[in-house]
Structure formats: structure tokens, C-alpha cells
Amino acid sequence: MKYIIVTGGVLSGLGKGITTSSIGRNLQSRGLSVTAIKIDPYLNVDAGTMNPFQHGEVFVLEDGGEVDLDLGNYERFLDVRLSRDHNITTGKAYLAAIEKERHGDYLGSTVQIIPHVTDEIKRMIREAAESAGVDVTLVEIGGTVGDIESMPFLEAMRQLSIDEGKENCVFVHTTLVPILPVVGEPKTKPTQHSVRELRAAGIHPSAIVARAPVELDDDVKQKISLFCDVPVEGIVSAPDAGNIYEVPMILEQQGLTDYLLKQMALEGTSQDLGGWKAFVERLRNPEGEVEIALVGKYTHLQDSYISHLEAFQHAGAKANARVNIRWVESVDLEEDGVGLLEGTQGILVPGGFGERGIEGKIRAIRYAREQGIPFQGVCLGFQLATIEFSRSVLGLEGANSSEFDPETPYPVVDLLPEQQGVEDMGATMRLGAHEVVIEEGSKAHELYGSTSIYERHRHRYEINPSFLSKLEGAGLRYVARSEDGRRMDILELEGHPYFLASQFHPEFTSRPLRPSPIHYGLVQAALATQA
Ligand code: GLN
């Protein structure tokens with residue numbers, strides 16, 4: 001097994017995840033099989049209990065793992081399906097060591113971070129890598145070199161490179177090369193410092209990916225090479241890209257793939273990017289343009305909705321149109337009214353938890369329904385579409401979800417039966433891929449081209465089946481259900497240009513060359529409003 005370990009320096013948010021994904025994508029285009037693992041140095045066992053404002057969206061895997069959003073990037077770039085053991089957190093590593101200690105596995109020893117926790121980290125990485133059975137495993141270490149939190153992970157990686165041999169463990173360090181407005185000159189000092197920090201941890205990088213607003217010239221690369229003791233071929237400039245999907249090409253052009261292959265004593269075939277290049281080309285120069293309003297409650301951190309944004313890129317490329325997002329904070333709709341939505345060509349109400357902003361989202365849905373504006377609802381958006389319809393069309397005043405109003409006279413959205421009595425909040429929702437059976441003749445069937453699909457879920461509440469006949473009688477049709485027929489999965493409104501919502505999250509399985517059918521349907525319907 002070959003490992004490429006990606007670390008980050010200077011500051012967070014440099015796009016380490018995109019660098020990792022792009023390196024993997026490039027190795028694939030040379031005929032190698034790859035997988036990726038994300039290390040998150042926080043004490044949460046998984047990302048499921050975190051507010052999106054903290055770390056952005058919680059990504060859901062097929063096996064129900066609630067993980068860091070970087071796993072979404074890996075899945076999109078590498079077109080693979082990962083499992084929950086590809087996200088290792090401090091919490092997971094310590095929990096494993098402490099469980100062993102309680103079980104008596106270390107009987108007689110003092111249990112310590114080194115070697116017991118570092119052993120657990122290495123074991124988890126090896127197990128995930130081996131069960132994937134690939135040529136190369138990428139390991140991205142979250143956080144920034146020098147943080148107390150990441151130290152046990154860096155130490156584990158140092159050990160791994162000794163255990164596995166240097167040519168089997170290659171380190172890539174991503175850093176920032178800032179350009180100060182006054183001098184206008186790229187500054188390499190922060191990179192020098194962060195490489196020094198990395199070397200203090202016993203790790204010598206083979207390559208440095210230097211992020212900067214612009215492309216760095218050879219002089220700057222030479223300087224970094226000299227001061228950081230990395231061959232100049234290993235210094236790669238990663239300027240701000242117009243689009244993240246261009247990054248594989250940017251890295252490839254500078255010879256990074258060949259350089260890494262050489263470091264690992266691997267041979268690759270000649271490059272075959274498949275449809276990727278054409279996809280990037282369509283993203284760059286689309287014919288049309290359309291605007292979708294995203295009505296959310298975490299809109300101040302766009303990473304909270306990253307999989308939707310990517311799904312719209314994928315859908316836009318297929319529909320040959322640029323999809324612009326209008327960010328609408330749902331609470332503002334409550335105060336300022338639906339004027340904020342005026343002129344938009346499509347509306348997305350995504351998933352969410354808790355009461356804040358609910359009434360604003362309901363207003364947006366009503367506006368879409370009454371004005372005939374293409375609408376997509378996801379998870380909470382699906383539940384709220386049912387609530388809105390129950391209130392406005394069925395006249396069930398006070399209809400609600402028991403999540404927001406336990407006393408509602410009409411609990412049209414109610415707790416899943418198996419959730420009764422569940423007290424723990426971590427990993428206890430209905431999670432992961434479940435079969436969804438779609439009725440023939442529905443819009444959903446036309447979009448998916450199949451009567452049986454697998455999509456990823458993450459919810460505690462569901463449509464209350466006792467209101468079903470009333471809802472359907474008035475034109476809100478539930479055209480897809482779980483395989484036992486009990487749970488509602490997709491709704492469509494009769495006589496509306498596009499009003500489609502799903503209990504599952506189609507954004508998690510959207511891929512550059514295979515967009516989410518429901519997002520694609522929304523983009524198409526939105527484009528049709530221009531005709
Ligand atoms: N809060 C809702 C539930 O638990 C919706 C969840 C979501 O949108 N992911 O069912």
C-alpha cells in the first residue's frame with residue numbers, strides 16, 4: 001500500500017480537501033485505484049452532532065456515516081463510495097484506546113497517547129486502506145500543523161512512514177503564500193515557518209502545494225525549494241481557481257502527478273481524464289444562465305450547503321447553463337416578506353433542524369406553489385411542503401411537525417415510530433442509503449429513469465401516514481416510498497410546472513458527470529420559465 005499524506009500549514013481553509021481530491025483524481029487518470037481518508041482532530045466521535053455553522057455541512061455516506069464535508073469532495077472527485085471508517089476523529093481514536101483499556105487489553109501498562117492512541121490511529125488508517133484494496137490511499141490531516149490537536153496524528157503519520165518505508169509514504173504540505181497589497185510581492189516566510197514546524201514533528205514533505213491568489217513564478221518556487229529543502233519539481237503553485245474542478249488540471253500541468261509517482265516508485269499510464277475536461281469546459285462557458293434561490297438558515301456559511309452548490313454545478317454543466325445562487329436567509333423572509341424571492345427562477349428549501357426560520361421557509365414554499373415557480377424541497381423542505389399544503393390547501397390550521405410543535409392538533413409530520421424512546425443524539429437518526437420505490441408515470445420516474453433507487457437519508461421525522469389520503473386527494477401526490485411502502489419519500493404537486501420534494505438528500509450522490517436528477521430537474525424547469 002502506498003500512502004500520500006496531505007498536511008496543511010499557515011492557516012485553515014486553504015482547500016486541502018480539494019488538493020487531496022485532485023491528487024487522487026489525477027492518479028486515477030493514470031490508471032491507479034485510489035481511496036481517501038480524512039482525519040479530523042476534534043473530540044466528537046463523528047460530525048453528526050455538530051452545527052453546520054461549526055464545520056459546514058454534515059455529509060452522509062451510504063452506510064449512514066455522518067462525516068466531514070471533505071468526504072463529499074472525495075466522493076465527487078473520485079466517483080467512489082466511501083464508508084464511515086474513512087473519517088477518523090480524535091474522539092474515535094481515544095474511544096478505541098479507552099475501550100481497550102477498560103477491556104483489559106493493555107493490562108499492566110500505563111496507557112499513553114504514544115504508543116496506544118497513535119497505534120489506534122495507524123490501525124484505523126491501515127484497515128480503511130486495506131479494505132478499499134486500492135493502489136494509493138490519500139490521508140488528509142485536518143487542522144493546521146502546530147495545533148495541539150493534530151500532534152498525535154502527525155506523530156502517527158511519522159511512525160507510519162517508518163513502518164511502511166519512505167517510498168510508501170509521501171507527504172504533501174499545503175501552505176499559503178500571501179501577497180501583501182502594498183508590496184505586491186509573494187511572501188514565502190509563512191511557508192518556511194510551517195515547513196519548519198512540520199520538520200520539528202519529524203516529517204519532511206516531498207511536495208509543497210503553495211496556495212496564492214495568483215500563479216507563482218519560478219523564482220518564488222526556487223526560493224521555497226531552497227528554504228524548505230524540497231526539490232523544485234515538488235513545489236506546485238495553486239492559484240485561486242475559477243472553479244474547484246479545474247484544480248486537477250492545474251496540478252497536472254506542473255508535473256505533480258509524475259513527481260509523486262516517481263517518489264512512490266509507481267508507474268502510471270498516460271493521462272486519461274475521461275469526460276472531466278469537457279465537464280470543466282461546459283462549466284467555464286455555458287450558454288444559458290439561471291438563478292435559484294436557496295432558502296436556508298445557515299446561509300452565512302456557504303459550506304453548510306456545499307453539496308447542493310456542487311449538485312447545481314453538475315446539473316448546470318449538463319443543462320449547459322450557469323446556475324447562480326441567490327442566498328435567502330429564512331428568518332429574513334419572516335420579517336421582510338416574499339419580496340426577497342421576487343424574480344427568482346427556482347427555489348430550493350434544503351434540510352435543517354430546529355425551529356428557527358421554519359415559518360420563513362414555509363412562506364417561500366407557499367410563494368413557489370402559488371406563483372408556479374419551480375421548487376425543490378429536501379428533507380426538512382419536503383416536510384415543510386407537506387405542512388404548508390396542509391395549512392393553506394387542506395385548511396388544517398396549526399398543522400405542524402411534532403419536532404416544532406409537540407402540541408399541534410395536526411401532526412402531519414411526526415416522529416418515526418422507531419425513534420420513540422431514543423435519547424442519545426449521536427448517530428441515532430434514520431441514516432444512510434435506503435431503497436426508494438418510485439411510481440411509474442411520475443415526474444420523479446421520468447427524472448430517475450427507474451422505479452427503484454437508493455438515496456441517502458438523515459431524519460428523525462416523517463410524513464404521518466394518517467393524513468395521506470387527504471393530502472393526496474387535494475393533489476399533493478406521494479409518488480415514491482420506502483420499499484415496505486410505509487414511509488413517504490418523494491412528493492409532487494399536480495398541475496404545477498415543477499414542485500418536487502424528497503425526504504432523502506439527492507445532493508449527496510450528485511457527481512460531476514451524473515448530476516442529481518432532482519437538482520437537474522429544477523434547473524431545467526427554471527430554464528423553461530425563460531422561454
Ligand atoms: N429535522 C427533520 C428531521 O429530523 C429534517 C432533517 C433534515 O432536514 N435532515 O426529520
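As the structure lists them, so they are numbered: ligands from 1, and atoms in each ligand from 1.
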Is there a polar contact, in the sense of an N or O pair closer than 3.5 Å, between [X] and ligand 1?
X	answer
M429	no
Y461	yes
Q383	yes

>> Are Q503 and Q383 packed together at the side-chain level, in the sense that at least one heavy-atom pair is separated by less than 4.5 angstrom?
In response: yes

>> Are K361 and L380 packed together at the side-chain level, in the sense that at least one heavy-atom pair is separated by less than 4.5 angstrom?
In response: yes

> To the nearest 0.1 Å, how far is atom 5 (C) of ligand 1 from its closest protein heavy atom, and which atom is that?
Replying inline: G352 O, 3.4 Å

> Could you give the distance from CZ (F153) to CD1 (I5), rounded to the nearest 0.5 Å?
Replying inline: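 F153 CZ to I5 CD1: 13.0 Å, rounded to 0.5 Å.
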
>> What's the separation between atom CD in E246 and atom CG in L283, rounded to the nearest 0.5 Å?
In response: 8.0 Å

Atoms of ligand 1 less than 4.0 Å from [X] heavy atoms?
X	value
H505	9 (N)
E403	1 (N), 2 (C), 3 (C)
C379	5 (C), 6 (C), 7 (C), 8 (O), 9 (N)
R458	6 (C), 7 (C), 9 (N)
G351	8 (O)

> Are any of the heavy atoms in E462 under 4.0 Å away from ligand 1?
Replying inline: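 No.
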
>> Ring centres under 6.0 Å, that's the criterion: do H86 and Y74 meet it?
In response: no

